[in-house]
K.L.:
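Once you've had a glance at the structure underneath, I'll fire off some questions.
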2 protein chains.
Amino acid sequence: MPTEAQKTDIFQALADPTRRGVLHLLSKKDQSIAELSSHFDISRTAVVKHLNVLNEAGLVRSEKNGREKIYYLQPEPLKELKEWVSYYEQFWYNKLTKLKYSVENDTLNK
Amino acid sequence: MPTEAQKTDIFQALADPTRRGVLHLLSKKDQSIAELSSHFDISRTAVVKHLNVLNEAGLVRSEKNGREKIYYLQPEPLKELKEWVSYYEQFWYNKLTKLKYSVENDTLNK
DNA sequence: ATTATATGAAACCAAAAGGTGTTATGTCAA
DNA sequence: TTGACATAACACCTTTTGGTTTCATATAAT
């Protein structure tokens, strides 16, 4: 139950390397748009667009502080990603597990 | 050490829901292009394009069987995804962990 | 009050993504 | 060998994506 609806698919949000870079920066420190932008070679406007995508995916939030807007990480939606990948973990080492699993659980779709 | 170079970023490969659907189908059963295509509302040609993307990301492989081309899941590259997400796991429950971590390990990038 | 700073918002653009349909090639089966 | 089937290879199209520049607004500091 996320506080806000996730308008953007999390997989799509993470597809862009700049956006993943933003998440990593925010994992170190909450920071303003200007500070975030200083770490990339693209314009501030472009970074803001990425922040909007991340925000719509529920991965970041922000609050105004004077004339600054401070962004912070909101990692909870990544749980979905973890669950997704954990399904595939069973196939990593031997292929026999696949058969075993599909017999035990009969999950055809999600 | 993947057998083949991954020309396509795994995050990008997973961004498309159809491609994730293909992976899920292949996790159940190795299958031909025709059989895979039957599960989607898009053309076979479109499915082939998705398969090419997945192949370039190292997530699927194929082998010819007569006039058919059988695709199978290659889940190993997903380990990278798991590692990526595991970094963020530490931030899931309380925000204090963040500080703790960044003090102990001083990993600024990657 | 004025100036510098931080962000917001809009218009625009090129390239990539995701889709289509058509035609060609290789293989199986009758 | 002929027809059907499975895939390959193109050419083409529309929308989305990731970027730009420019202009406007709000706040801080002198």
Side-chain angles (χ1 to χ4, degrees), chain A residues 4-26 29-74 77, chain B residues 4-26 29-74 77:
Chain A
E4 231 169 285
Q6 295 165 218
K7 298 168 191 167
T8 297
D9 184 76
I10 192 181
F11 287 91
Q12 165 120 12
L14 297 174
D16 186 275
T18 300
R19 285 195 289 269
R20 295 196 300 275
V22 167
L23 291 183
H24 191 260
L25 286 168
L26 291 180
K29 182 163 64 109
D30 300 353
Q31 51 200 294
S32 71
I33 295 174
E35 188 170 4
L36 281 170
S37 300
S38 73
H39 293 89
F40 301 97
D41 281 340
I42 58 180
S43 70
R44 177 188 53 82
T45 312
V47 173
V48 169
K49 287 191 184 180
H50 286 304
L51 284 168
N52 288 339
V53 173
L54 290 170
N55 180 63
E56 282 167 10
L59 287 164
V60 303
R61 290 290 178 252
S62 63
E63 59 184 46
K64 250 194 294 184
N65 180 8
R67 63 182 159 184
E68 291 187 323
K69 194 172 182 180
I70 307 297
Y71 275 85
Y72 55 94
L73 184 68
Q74 198 79 6
Chain B
E4 232 170 286
Q6 296 166 216
K7 299 168 189 168
T8 297
D9 183 75
I10 192 182
F11 287 91
Q12 166 121 11
L14 297 174
D16 186 276
T18 299
R19 285 196 288 268
R20 295 197 299 277
V22 167
L23 292 183
H24 192 258
L25 286 169
L26 291 180
K29 181 164 65 105
D30 300 353
Q31 51 200 293
S32 71
I33 295 175
E35 187 169 4
L36 281 170
S37 300
S38 74
H39 292 89
F40 301 97
D41 280 341
I42 59 180
S43 70
R44 180 187 52 79
T45 312
V47 172
V48 169
K49 285 191 185 180
H50 286 304
L51 284 168
N52 289 338
V53 173
L54 290 171
N55 179 62
E56 283 168 9
L59 288 164
V60 302
R61 290 290 178 251
S62 63
E63 60 184 43
K64 252 194 291 183
N65 180 9
R67 62 183 158 182
E68 290 188 324
K69 194 173 182 181
I70 307 297
Y71 275 86
Y72 55 94
L73 184 68
Q74 198 79 6

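Below, chains carry the letters A, B, ... as their sequence lines are ordered, and counting in each starts from 1. Scope of the values below: all heavy atoms of this structure, side chains included, with no hydrogens, waters or symmetry mates.
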K.L.:
Does the pair B/K49 and B/D16 meet the rule for a salt bridge (Lys or Arg N to Asp or Glu O under 4.0 Å), with working shown?
P.N.:
CA-CA 12 Å; B/K49 285 191 185 180; B/D16 186 276; over 6 Å; no

K.L.:
Return the minimal non-hydrogen interatomic distance between B/L51 and B/V60, and the atom names on each side.
P.N.:
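Closest approach of B/L51 to B/V60: O-CG2, 3.9 Å.
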
K.L.:
I'd like the 5' and 3' limits of the part of DNA chain D contacted by chain B, with heavy-atom contacts below 4.0 Å.
P.N.:
D/dA4 to D/dC10

K.L.:
Starting from the C-alpha separation in whole Å, work towards a yes-or-no answer on side chain to side chain contact (heavy atoms under 4.5 Å, CB included) for B/H39 and B/Q31.
P.N.:
CA-CA 12 Å; B/H39 292 89; B/Q31 51 200 293; 3.8 Å; yes

K.L.:
Of all heavy-atom pairs between B/L26 and B/L36, which one has the smallest distance, and what is that distance?
P.N.:
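That would be CD2-CD2, 3.9 Å.
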
K.L.:
Is A/K69 close enough to C/dA6 that one of its side-chain N or O atoms is under 4.0 Å from OP1 or OP2 there?
P.N.:
no

K.L.:
For A/L14 and A/R20, which heavy atoms make the closest approach, and how far apart are they?
P.N.:
O-NH1, 2.7 Å

K.L.:
For each nucleotide in nucleotides 14-25 of chain C, reading 5' to 3', give B when a protein heavy atom comes within less than 4.0 Å of its base, S when such contact involves only the sugar-phosphate, and - otherwise.
P.N.:
---SSBBB----

K.L.:
When you measure from the side chain of B/R61 to the backbone of B/N55, do you find a donor-acceptor pair of N or O atoms at a distance under 3.5 Å?
P.N.:
yes

K.L.:
Once you round to the nearest 0.5 Å, how far does OG of A/S38 lie from CG of A/L25?
P.N.:
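A/S38 OG to A/L25 CG: 8.0 Å, rounded to 0.5 Å.
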
K.L.:
Over all heavy atoms of both residues, which pair between A/N65 and A/I70 is shortest? Give the atoms and the distance, please.
P.N.:
CB-CG1, 4.0 Å

K.L.:
Mind listing the N/O atom pairs, protein and nucleotides 26-30 of chain C, below 3.5 Å?
P.N.:
none

K.L.:
If every non-hydrogen atom of A/A15 is compared with every non-hydrogen atom of B/Q12, which pair is closest and at what distance?
P.N.:
CB-CA, 4.0 Å

K.L.:
Can you see which heavy atom on B/R19 is nearest to which on B/A13, and at what distance?
P.N.:
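Minimum heavy-atom contact is NE-O, 2.6 Å.
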
